[in-house]
Each structure stands twice: as C-alpha cells, then as structure tokens.
Enquirer: 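Starting off with a structure, shown below.
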Amino acid sequence: MSGKVLVTGGAGYIGSHTTLLLLEAGFEVIVVDNLSNSSLESLRRVEKLSGKSVTFYKLDIRETDKLLNVFSEHKIHSVVHFAGLKAVGESSQIPLEYYEQNIYGTLSLLKAMQKYDCRRIVFSSSATVYGDPASVPITEDFPISATNPYGRTKLYIEEILRDLAISDSKWNIILLRYFNPIGAHKSGKIGEDPQGIPNNLLPFVSQVAVGKREKLSVFGDDYPTVDGTGVRDYIHVVDLSDAHVKAVQKIDNLTGVTTLNLGTGNGYSVLQIVEAFQKGSGKQVPYQVVERRPGDIAECWADASLAKKVLGWQACFGIEDMVTDAWRWQERNPNGYDD
Ligand code: NAD
Ligand code: UFG
C-alpha cells in the first residue's frame with residue numbers, strides 16, 4: 001500500500017522515527033511542524049537514512065489557512081497527528097497555552113481535513129489518560145481521567161474525536177495510547193533531543209552518563225513496587241513508530257474509533273533502568289533518592305494484546321536494545337541536533 005501521509009509534528013522525537021519508517025514502507029510523507037520543539041536537521045537525517053525526500057512545511061497547525069493550502073496541494077490519504085506540547089509540569093504553569101496548542105490545534109487540523117474529505121487520522125494519545133489505574137496491566141476499557149492540563153488535552157481530544165465519529169460515519173480514527181517511549185534509531189542518527197533540563201527519565205540518565213549532568217534524582221523509593229521506585233512500561237521508539245505504519249496500512253478497514261495501548265506489557269523500575277543503562281553503556285549513573293514527584297503514580301504498564309489483534313503489531317525490542325540505542329544516540333550527539 002502507498003499514498004500520501006501527512007505527519008504533523010514530524011520533525012519531533014516520535015514523528016521523525018515514524019516519518020522514516022513510513023518512507024521505508026513506501027509512503028510519500030508530508031511533514032508540517034512549527035519547529036517549536038525540534039529542528040529540521042532531524043528530517044535531513046531521515047532523508048539520508050531513507051534515501052527519499054520529505055515534503056516539509058514550516059507552519060503551526062493552528063494556522064488553518066496554511067493547512068488548507070497543504071491539503072489543496074496534495075491528495076492526502078491519512079494524517080498521523082503528533083504536533084502538540086507535551087511537558088506535564090509545564091502544562092500546570094501555562095494551561096491556556098496547552099489547551100490552545102493541543103486542542104485548538106487539533107480542531108484546526110480536523111476542520112482542514114473535513115474540508116478536503118480526508119477522514120483518516122491516527123492520534124498520539126497517552127497512558128496518562130488512565131490517571132492512577134486501579135490495577136495493572138491496563139486494558140483499553142479502564143476508566144479514563146486526568147490529573148494535569150496536559151493529560152486533560154489528551155482526554156478532551158479523544159472525546160472530540162469520538163464525537164466526530166458519531167456525527168459522521170465516514171471517519172476512521174485510531175487513538176494510540178503510548179506508554180513510555182524511549183530509545184533511538186539503531187543508526188544513532190536520530191533520537192530524542194530535549195531542550196533544557198530533561199523532564200523524563202531516559203534523557204536525564206543519558207545526560208548524566210555523558211557527563212552533562214552530575215547525578216540523577218530518583219523521585220521516591222517508598223512506592224509499593226519491586227524496589228520502591230516507580231515502575232513504567234518503556235517501549236522502543238522504533239517499535240512505537242512501526243505501530244503507526246501498521247495503523248496507516250490498516251486504517252481503511254477500521255471504521256469509527258479504534259483505541260489501542262502501545263506498550264510492551266513489561267514494567268521496569270527506575271533503579272532497574274539505571275542498572276540496565278549502566279550495563280548497556282559501560283558508564284556509571286550516580287543517583288540520589290529525593291522526594292516523590294507530585295502527580296507520579298507507583299506503577300503503570302500495558303496490556304497490549306488488542307494492538308496485536310487489531311494491527312498485527314507487537315513490540316520486538318527489549319530493555320537492552322532500548323538503553324543501548326538511547327546511549328548510542330547520546331554518545332554520538334552529545335548536544336543533540338546542534339552537533
Ligand atoms: P516532540 O516535542 O519531540 O514532537 C512534537 C512536535 O510537534 C515537535 O517537532 C514540535 O515542534 C511540533 N509542534 C508542537 N506544537 C506545534 C504546533 N502548534 N504546530 C506545529 N507543530 C507543532 O514530542 P514527541 O515526544 O515526539 O511526542 C509526539 C506526540 O506524542 C505528542 O503529541 C505527545 O504528547 C505524544 N506523547 C508523547 C509521549 C512521550 O513520552 N514522548 C508519551 C505519550 C504521548
Ligand atoms: N523519574 C525519576 N527521575 C527523573 C525523571 C523521572 O526518578 O529525573 C521517574 C519518575 O518518577 C517515574 C519514572 O522515572 O517513576 C518515569 O518518569 P518519566 O517522567 O520518564 O515518565 P512518566 O511516566 O512520568 O510520564 C511519561 C510522559 C507523559 C505520559 C506518561 C504516560 O512524560 O507525557 O509517560 O505514561 F503521559
């Protein structure tokens with residue numbers, strides 16, 4: 001199967017990996033991104049790795065007129081929608097910015113799609129919509145809730161998409177709820193390039209290992225988990241991207257709304273990640289235990305069997321691949337794409 005896929009936020013971490021895999025699968029890819037949290041260098045590297053070109057538009061998805069121009073220039077089969085803001089802590093400080101960029105941005109995109117009769121969308125949702133789950137592993141029918149503005153934007157967008165599908169049966173919508181994406185492409189050419197101090201565990205650990213930060217703060221060791229530190233379902237970004245390719249390949253047959261967890265089904269604690277990273281990189285990662293981070297939950301991992309049934313997808317990479325690939329990217333690009 002081939003055709004044109006529009007990727008919003010395609011210069012970002014998950015977007016650049018997905019763009020690469022879509023190109024390799026034979027799709028033509030059009031990326032729109034305002035580069036607020038990314039650089040064009042990621043797409044240049046994607047082009048080199050794939051030997052194919054990406055059509056790029058620097059625009060903000062809130063600029064509906066510009067999006068309409070993109071749809072008028074290309075007959076787009078489906079949209080993979082990554083663009084948005086994603087920092088949980090920041091979302092409590094500047095909630096209006098999050099609601100505007102994520103929710104208004106999505107409305108703008110959906111209106112442009114509707115006008116050009118393009119009704120197939122794959123949306124980046126998050127395991128954050130499960131709030132503090134009553135038990136693990138989490139299945140897609142668990143109740144959803146949010147504890148911060150970022151999580152609420154994901155939850156509201158999911159609801160908006162469900163309303164849209166009810167109003168018009170021609171929409172095919174896939175909501176992908178990611179657990180914790182980490183790692184990088186095997187080539188070491190593309191990876192996660194956080195601006196400033198990383199919020200997430202893996203980029204922080206990588207920056208400690210490469211000597212950019214002194215030590216990791218472990219947020220609490222008194223959770224009811226295997227060793228007291230938080231447990232998450234880490235998933236290799238290439239596995240995650242592969243699920244998007246399969247979603248695009250299957251979307252014509254998936255009418256209405258399909259909601260899928262993307263995880264491995266395995267949970268690892270913070271200290272288990274530190275240990276795996278040290279083993280994979282041969283570097284020491286000094287750490288100290290500090291207070292719990294407000295809003296964190298004890299443990300969270302997926303039942304990902306529905307994605308296997310619906311998409312024929314399952315994660316292939318284990319934790320060793322995830323940390324080794326993260327380290328290769330960090331070691332070769334200590335300053336991210338600025339190098
Ligand atoms: P990222 O910041 O690397 O990528 C997002 C991209 O969107 C960036 O290139 C940014 O410049 C662009 N962008 C932001 N606002 C835009 C706007 N208004 N118009 C146009 N472009 C805009 O983030 P990522 O980690 O690749 O995440 C991609 C998506 O996946 C996001 O929607 C995020 O909420 C979701 N998600 C990420 C994680 C995670 O841990 N990384 C987990 C769950 C869900
Ligand atoms: N952690 C530390 N020290 C750090 C960073 C994180 O100990 O410096 C711990 C956290 O307390 C948690 C674990 O490492 O136990 C993972 O934390 P992350 O910040 O990497 O990831 P979260 O699970 O908190 O959140 C991520 C994304 C969210 C998304 C959520 C969905 O950042 O956007 O996964 O599960 F909503």
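Scope of the values below: all heavy atoms of this structure, side chains included, with no hydrogens, waters or symmetry mates. Just follow the structure's listing: the first ligand is 1, and inside any ligand the first atom is 1.
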Enquirer: Could you check Trp301 against Ile138 for side-chain contact (heavy atoms from CB on, under 4.5 Å), going step by step and ending with a plain yes or no?
Expert: CA-CA 6 Å; Trp301 70 86; Ile138 300 169; over 6 Å; no
Enquirer: Whether the Tyr99 and Arg152 side chains hold a donor-acceptor pair (N or O, under 3.5 Å, no angle test) is what I'd like checked.
Expert: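 Checked: Tyr99/Arg152 side chains pair up, N/O donor to acceptor below 3.5 Å.
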Enquirer: I need the nearest protein heavy-atom contact for atom 23 (O) of ligand 2: residue, atom name and distance, please.
Expert: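 That would be Arg232 NE, 2.7 Å.
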Enquirer: Are Ser16 and Ser42 linked by a side-chain donor-acceptor pair shorter than 3.5 Å?
Expert: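 No pair is found: no donor N or O on one side chain lies under 3.5 Å from an acceptor on the other.
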Enquirer: Going by atom types alone, do Arg177 and Tyr130 pair a side-chain donor with an acceptor below 3.5 Å?
Expert: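 Arg177 vs Tyr130: donor-acceptor pair found between side chains.
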Enquirer: Show which atoms of ligand 2 fall inside a sub-4.0 Å distance from at least one heavy-atom site of Asn180.
Expert: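 Once the distances to Asn180 are compared, the set is 21 (O), 22 (P), 23 (O), 26 (C), 34 (O), 35 (O).
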Enquirer: Which residue and atom name correspond to the protein heavy atom nearest atom 38 (C) of ligand 1, and how close is it?
Expert: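 That would be Pro181 CG, 4.0 Å.
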Enquirer: Before signing off on this row, confirm whether Phe219 and ligand 2 have an N or O atom pair separated by under 3.5 Å.
Expert: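 In this structure, Phe219 places an N or O atom under 3.5 Å from an N or O of ligand 2.
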Enquirer: Among Asp33, Val129, Thr153, which one has a heavy atom closest to atom 10 (C) of ligand 1?
Expert: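 Minimum heavy-atom distance to atom 10 (C) of ligand 1 goes to Asp33.
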Enquirer: Any carboxylate oxygen within less than 4.0 angstrom of a Lys/Arg side-chain nitrogen, looking at Arg44 and Glu47?
Expert: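 Not counted as a salt bridge, because no side-chain N and carboxylate O are separated by less than 4.0 Å.
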Enquirer: Atom OG1 in Thr64, atom CG in Leu110: separation rounded to 0.5 Å?
Expert: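 The distance works out to 10.5 Å.
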Enquirer: Can you tell me how far apart NE2 (His244) and OG1 (Thr19) are? Round to the nearest 0.5 Å.
Expert: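 Nearest 0.5 Å value for the NE2-OG1 distance: 10.5 Å.
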Enquirer: Test salt bridge (Lys or Arg N to Asp or Glu O under 4.0 Å) on Asp33 and Lys58; report intermediate values, then the result.
Expert: CA-CA 5 Å; Asp33 198 305; Lys58 184 172 187 293; over 6 Å; no
Enquirer: Is it true that Glu192 lies under 4.0 Å from ligand 1, counting heavy atoms only?
Expert: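 Heavy atoms of Glu192 never come under 4.0 Å of ligand 1.
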Enquirer: Nearest protein heavy atom to atom 9 (C) of ligand 2, by residue and atom, and its distance?
Expert: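 Residue, atom and distance for the closest contact: Val270 CG2, 3.6 Å.
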Enquirer: Considering only heavy atoms, which of Arg292, Glu299, Arg293 lies nearest to atom 17 (O) of ligand 2?
Expert: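 Result: the heavy atom closest to atom 17 (O) of ligand 2 is in Arg293.
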Enquirer: Could you tell me, atom by atom, which parts of ligand 1 come under 4.0 Å of a heavy atom of Ser125?
Expert: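 Near Ser125, the atoms of ligand 1 are 43 (C), 44 (C).
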Enquirer: So which protein heavy atom does atom 20 (O) of ligand 2 come closest to, and at what separation?
Expert: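 Protein heavy atom at minimum distance: Leu201 N, 2.8 Å.
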Enquirer: Using side-chain contact (heavy atoms from CB on, under 4.5 Å), reason through Tyr150 and Asn102 one step at a time and then give a plain yes or no.
Expert: CA-CA 9 Å; Tyr150 166 74; Asn102 293 5; 4.3 Å; yes
Enquirer: Report the member of Gly84, Gly15, Ser38, Ser42 with the shortest heavy-atom distance to atom 5 (C) of ligand 1.
Expert: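 Looking at heavy atoms only, Gly84 sits closest to atom 5 (C) of ligand 1.
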Enquirer: Does Glu140 have more than 12 heavy atoms from other residues, nucleotides or ligands lying within 6.0 Å of its CD?
Expert: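 Atom CD in Glu140 is crowded, with more than 12 foreign heavy atoms closer than 6.0 Å.
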Enquirer: Under 3.5 Å between any N/O of Ser217 and any N/O of ligand 2: does that happen in this structure?
Expert: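 In this structure, Ser217 places an N or O atom under 3.5 Å from an N or O of ligand 2.
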Enquirer: Could you name the option among Asn34, Leu262, Asp193 that has the heavy atom nearest to atom 20 (C) of ligand 1?
Expert: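 That would be Asn34.
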Enquirer: Of the protein's non-hydrogen atoms, which lies at the shortest distance from atom 16 (C) of ligand 2, and what is that distance?
Expert: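 Result: Tyr234 OH, 3.4 Å.
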Enquirer: Which ligand 1 atoms does Ser36 reach within 4.0 Å, using its non-hydrogen atoms?
Expert: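 Those qualifying, in numeric order: 10 (C), 11 (O), 13 (N), 14 (C), 15 (N).
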Enquirer: Is it the case that ligand 2 has an N or O less than 3.5 angstrom from some N or O of Leu216?
Expert: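 The answer is no, given that Leu216 and ligand 2 share no N or O pair closer than 3.5 Å.
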Enquirer: I need the atoms of ligand 1 closer than 4.0 Å to a non-hydrogen atom of Ser124, numbered in the order shown.
Expert: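 Answer, ordered by atom number: 29 (C), 30 (O), 32 (O), 35 (C).
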Enquirer: Pick one of side chain, backbone, both or neither for how Leu35 approaches ligand 1, counting any non-hydrogen atom pair under 4.0 Å.
Expert: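 For Leu35, the contact with ligand 1 is made by the backbone alone.
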Enquirer: Would you indicate which of Ile14, Asn180, Thr8 comes nearest to atom 26 (O) of ligand 1 when only heavy atoms are counted?
Expert: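 It is Ile14 that holds the nearest heavy atom.
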Enquirer: Go through ligand 1 atom by atom and flag the ones less than 4.0 Å from a non-hydrogen atom of Ser126.
Expert: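 Every atom of ligand 1 under 4.0 Å from some heavy atom of Ser126: 43 (C), 44 (C).
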Enquirer: What residue and heavy atom of the protein are closest to atom 33 (O) of ligand 2, and at what distance?
Expert: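 I find the closest protein heavy atom is Tyr150 CE2, 3.4 Å.
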Enquirer: Would one find more than 12 heavy atoms of other residues, nucleotides or ligands at under 6.0 Å from atom NZ of Lys66?
Expert: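 Atom NZ in Lys66 is not packed in, count stays at 12 or less.
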Enquirer: Taking heavy atoms and a distance under 4.0 Å, where does Leu59 meet ligand 1: side chain, backbone, both or neither?
Expert: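 Just the backbone.
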Enquirer: What protein heavy atom lies closest to atom 28 (C) of ligand 2? Include the residue and the distance to one decimal.
Expert: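 Atom 28 (C) of ligand 2 sits closest to the protein heavy atom Val88 CG2, 4.2 Å.
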Enquirer: Distance under 4.0 Å to a non-hydrogen atom of Asp296: what atoms of ligand 2 satisfy this?
Expert: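 Reading through ligand 2 atom by atom, the close ones are 10 (C), 11 (O), 24 (O).
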Enquirer: Under 4.0 Å from a heavy atom of Asn199: which atoms of ligand 2 are those, numbered in the order shown and with their elements?
Expert: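 Reading through ligand 2 atom by atom, the close ones are 5 (C), 19 (O).
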Enquirer: Answer yes when Glu158 and Arg162 have at least one side-chain N-carboxylate O distance shorter than 4.0 Å, and no when they do not.
Expert: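 Yes, Glu158 and Arg162 are salt-bridged.
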Enquirer: Give me the nearest non-hydrogen protein atom to atom 31 (C) of ligand 2 as residue plus atom name, then the distance to 0.1 Å.
Expert: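 So the nearest neighbour among protein heavy atoms is Ser126 OG, 3.4 Å.
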Enquirer: Tell me which one of Asn200, Val129, Val205, Val218 gets a heavy atom nearest to atom 18 (P) of ligand 2.
Expert: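 When every heavy atom of Asn200, Val129, Val205, Val218 is considered, Asn200 comes closest to atom 18 (P) of ligand 2.
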Enquirer: With no hydrogens and no angle check, just 3.5 Å: does a side-chain donor-acceptor pair link His81 and Thr106?
Expert: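 Yes - a donor-acceptor pair under 3.5 Å links their side chains.
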